[in-house]
Amino acid sequence: MSSLTEISDKLIESTVEIFTGMIMMDITVKDDNVKQLGKLQNSITGMVGLAGICKGVVAIHVPQEVAFSITTNFLGMEVTEMNEDVQDAIGEIANMLGGNVKTILSDKGKAIQLSLPSTISGDEYQMYSNDNVERVIIEFSTSGGNFFVDLELESEPTDN
Amino acid sequence: MGKNVLLVDDSSTMRKIIGRSLRQAGLDFANIFEAGDGLEALEVLEKETVDVVLSDINMPNMNGIEFLREKANREAIKDIPVLMISTETGDDIIGEAKSLGAVGSLKKPFTPDKVNEVVGPLL
Amino acid sequence: MLDTYIKESISDVFSTMIMMDVTPGKTITSGYTDFKADISSMIGLAGDIKGMLALHLPYTVARSITGSMLGMDTEDVENEDVTDAIGEIANMVAGGFKTFFTQGGKQLLLSTPTIISGSDLKTSGMSKASSFVIPLAISSGEFTVELKYVQE
């Protein structure tokens, strides 16, 4: 398996591909190694689980205003409030990131499976991972604001 | 252009996304029909004139694979081209879809150029 | 059937690792949205079923369970202990569920746990999935376990 730095670079590539290719939004990397995420405020998080030979979680954390802007571009229609379209759009981005990470981590992507994407949103929340997990957090900038991509991978395999 | 497309996906958000991608690919359809699962898709195909179908694979009630299977049994609609939309589905599911009549697939994320390349020739 | 697996798994985990009595309530199959949770731990499921297993707890209940599991007084329990413990419990409950589910050749793979703290959180996704909620009571209060899944 690749080192965390190689995975991080490919994760950046995947995110850029999704945003510029399909969502039609330019994004740049603001910080490729965010140390700690802290409390998320007025945000929405999309996530999907990775299971199989690699276990982990892929998540995207987006402040609401940025989520509206992303959804507007993604759907080609103006979105200005938290609704099912925003939830589905953010969940879909997490799902595509998960699909790309799956391919990055295992050649044909067969030995890793994704669970189903879900989202969580609220005024204030924090997401934690366990000790035996390596975490890579990347901050991106868009015209509508910044968001985070968060990859957690189990560093020592357990037998689940 | 006067052509009609049917979008099959259980997420209405995803259907809007695909619709937007088709517009951005420069493909101007006269009508964009929508269905939330394979069963609804078959109903639309029986009722309306559809030139191409873009279908998700995982859907409740009747998934993309079952939809292809059932469609192949119906004389009036069996020849309408179907493209499968997938995220990280393995080659084996796409292979199965093709053996059941799907003419190709679009893997997410896709660019407008890719959409044009895959959908364009079918119109 | 699936809820039975979960109830058994919880019973195992609580009697062996947490040393607390837990009483499961009646499984709720629809309409439950009022989780009253301050902290949730989720494990993604893949394989012959895809979805998520989650524990939702008020903070006081989470702290008392953590204290019992770690052999500490509840007052000495730190936030980090709670997030670690709740994550580990979700992992074990999911592991037990997996053992029951995979009897007879079915496949189930688990992701790593995600722990989220915060109140009044809205969740979405898996809208077409089946789901149920099991309410559980311990001495310090109540919590719930939720399973959302699609069977392929």
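These values consider heavy atoms only, across backbone and side chains, with no hydrogens, waters or symmetry-generated copies. Numbered from 1 within each chain, the chains take letters A, B, ... in sequence-line order.
With contacts defined as side-chain heavy-atom distances shorter than 4.5 Å, the pair A/Leu37/A/Arg135 qualifies.
At least one donor-acceptor pair closer than 3.5 Å links the side chain of A/Asn83 to the backbone N or O of A/Asp85. Checking side-chain atoms of C/Asp48 against main-chain N and O of C/Gln107 turns up a donor-acceptor pair under 3.5 Å. Side-chain atoms of A/Thr72 come within 3.5 Å of backbone N or O of A/Phe68 as a donor-acceptor pair.
Using cut-offs of 30° and 60° on the angle between ring planes, the pair A/Phe147 and A/Phe19 is parallel. Under the 30°/60° scheme for interplanar angles, the aromatic rings of C/Phe132 and C/Tyr149 are found to stand perpendicular.
Ranking A/Glu84, A/Gln87, A/Glu152 against chain C, the residue ahead of the rest is A/Gln87, based on heavy-atom pairs under 4.5 Å. Contact count versus chain A (heavy atoms, under 4.5 Å) is highest, among C/Ser111, C/Gly118, C/Ala129, for C/Ser111. Note on A/Ala59, A/Ser121, A/Ser118: by heavy-atom pairs under 4.5 Å with chain C, the leading option is A/Ser121. Top candidate by heavy-atom pairs under 4.5 Å with chain A, chosen from C/Ser127, C/Ala46, C/Ser41, C/Gly44, is C/Ala46. When the candidates A/Gly122, A/Ser129, A/Gly49, A/Ala51 are compared by the number of heavy-atom contacts under 4.5 Å with chain C, A/Ala51 comes out ahead. Of the residues considered (C/Thr112, C/Thr99, C/Asp38), C/Thr112 shows the highest number of contacts with chain A, using heavy-atom pairs under 4.5 Å. Ranked by non-hydrogen atom pairs under 4.5 Å with chain A, the options C/Glu80, C/Met126, C/Met42 are led by C/Met126.
Of the atoms belonging to A/Val57, heavy atoms from both backbone and side chain fall under 4.5 Å from chain C. In this structure, the portion of A/Glu124 lying under 4.5 Å from any heavy atom of chain C is its backbone and not its side chain. For A/Met47, the part lying under 4.5 angstrom from a heavy atom of chain C is the side chain only. Proximity to chain C involves both the backbone and the side chain of A/Ile120, based on heavy atoms less than 4.5 angstrom apart. With a 4.5 angstrom heavy-atom cutoff, C/Leu45 touches chain A only via backbone atoms.
No donor-acceptor contact under 3.5 angstrom links the side chains of A/Thr103 and A/Lys10, judged on distance only.
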Please lay out, stage by stage, how C/Ser124 and A/Thr119 fare under the test side-chain hydrogen bond (donor to acceptor under 3.5 Å, both in side chains). CA-CA 5 Å; C/Ser124 82; A/Thr119 69; 2.5 Å; yes

